[in-house]
Number of protein chains: 2
Amino acid sequence: MKPQRHTSAPAATDSCRGALARVSCRSCALNTLCLPARLPPQEARVLESVVERGRQLCAGASLIRAGTRMDALYVLRSGSAKRYAFTMNGAERVHGFVLPGETVGLEGFASDRYACEVAALEPTSYCRIPLNRLEPLLEQLPGLRREVLRLLGEALDESLRLRAELGMCDARGRVARFLADLSRRLELRGLSPTQFRLSMSRGDIARHLGLTLETVSRALGTFKRSGWVEVRARYITLLRPEALASMGGYAAS
Amino acid sequence: MKPQRHTSAPAATDSCRGALARVSCRSCALNTLCLPARLPPQEARVLESVVERGRQLCAGASLIRAGTRMDALYVLRSGSAKRYAFTMNGAERVHGFVLPGETVGLEGFASDRYACEVAALEPTSYCRIPLNRLEPLLEQLPGLRREVLRLLGEALDESLRLRAELGMCDARGRVARFLADLSRRLELRGLSPTQFRLSMSRGDIARHLGLTLETVSRALGTFKRSGWVEVRARYITLLRPEALASMGGYAAS
DNA sequence: CATGGCTTTTGACCCGTGTCAAGTGCCAGT
DNA sequence: ACTGGCACTTGACACGGGTCAAAAGCCATG
């Protein structure tokens, strides 16, 4: 068993940055969102013992290289990242953006190799769950087994839903939906749902939504002129979130 | 234990239709494609003991109702089906088409409820793997555990790739890709890759590719005029599959 | 064989978005 | 402060594909 070192103040505060000790999910700010949150406490404790803390990544650095052997799952602790891949004609395609508490690397189960590149969009830290430590736990812990299946199912469901809904609305609807979705996810993390910084470029957003960066820019321009948002470079303020939500087809399902 | 009745001739021939006995994956025509194919033989034998044979569905009948509690995985034995769902504005969205040997119901892991409706497009038969029998096996059989993860990963990967590639090519490219993909999957099942019947309507294809049925029809018309395909109602002959494949961005990856 | 209903094809038109190009703003380095 | 580079905005234009409408095929039924 590895030595366990505690920060004297066990405050579960707004950031994990300071802590240099080994992972303690219970004292992590993300404990209500992250993978262990849905596990029975004793299973969470076992899982905790195999989680490794990754070092900080600078903006642009890759957390996962597409095509490399899958050897771990990763969970973001802070910062943000984009998941992307290239089509055979060399065009970059952005599959999505990753926020703290979200798991990446799941598509690797398909072929034992990661299918997406995952790169930090700003200084970003993460946790790592090595597969060779995870697999034995899947045998012993039924809750963890169900949770991994749930995560995969959720990723699949989200991907299907995204394709369906983006395919049905026009450019402005897609951008509206993107903002509404981001807003919701930020709120879940205790951040302001109406005022935030976009860590990704217009081009990244465009390549995610299947548009061009000019069209994204124009959509934002329209929202600005309608008084729905305020845009200053990458800083966004949502003035009429309901308008965006309804335009993006974000009705109460 | 249920009674086991064997057909006297154990021929692994081209169809499972005749057999009325309980499931015997080893003698099934799909045994090289289906879920057990990638399992170690002894695990496959255990899995076989929990698989139930479903009765034949007629065209239009639902195999899975969206929103109902997830209680099983399903594998198609013969026929074909479409997976679809409705967006909140009531528009139908086709997530994909299912061929024999393919597994459906995986998205249910997200929330314990099926997210897609799955309906037969022609007379169709299937196998059923109840979850309450599958779960204990996941604890005991490491190969099965990996295989279920692989299936989910594959579904996820395919969904991502589909979204990426469809988003980047024009209407004709999408239809070409659709035909090339179908052709490949039919060939895997030992059927002709160049001559087949489309069990789905133009509208279904359109709702799957994010187009309108008129555009799908026009794309087929173009291919016909170029001499790439022959179209007679729902019967299709691919005359220049390579042309379609390259247009759909189906290069050797 | 005729009928009616459904699916598919074809045509005409127009809007939205991609494309190309120029212009603006922001930041870092010299 | 100047400069070069990059991200973003804005404008003009063309075209692909959505929309509406009508005609043609296909298949059932009586």
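Worth saying up front: this structure is predicted, and the values here are computed from it rather than measured. In what follows, every chain begins at residue 1, and chains take the letters A, B, ... in the order their sequences are listed.
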B/Arg83 vs B/Glu117, salt bridge (Lys or Arg N to Asp or Glu O under 4.0 Å): CA-CA, chis, key distance, verdict:
CA-CA 6 Å; B/Arg83 303 185 298 125; B/Glu117 189 93 7; over 6 Å; no

Classify the ring geometry of A/Trp228 against A/Phe223: parallel below 30°, tilted from 30° to 60°, perpendicular beyond 60°.
parallel

Take atom CG of B/Leu220 and atom C1' of C/dT10, then tell me their distance rounded to the nearest Å.
14 Å

Can you check the B/Phe223 CZ to C/dT9 P distance for me, whole Å?
13 Å

Check: B/Asp157 and A/Ser111 side chains under 4.5 Å, non-hydrogen atoms
no

B/Asp181 side chain near B/Leu162 side chain, heavy-atom distance below 4.5 Å:
no

Could you tell me which non-hydrogen atom of A/Leu238 sits nearest to which non-hydrogen atom of A/Val229, and how far apart they are?
CD2-CG1, 3.9 Å

Chain B on DNA chain D: first and last contacting nucleotide, 5' to 3', under 4.0 Å to a heavy atom?
D/dG17 to D/dC20

Using a 3.5 Å distance criterion without hydrogens, assess whether the side chain of B/Arg189 forms a donor-acceptor pair with backbone atoms of B/Pro100.
yes

Would you mind building the protein contact string for nucleotides 17-26 of chain C? One character per nucleotide, 5' to 3', B for base within reach (heavy atoms under 4.0 Å), S for sugar-phosphate only, - for untouched.
SSBB------

State the CE-OH distance between A/Met200 and A/Tyr84, to the nearest 0.5 angstrom.
14.0 Å

So, using salt bridge (Lys or Arg N to Asp or Glu O under 4.0 Å) as the criterion, who are the partners of A/Glu214 when residues are at least two apart?
none

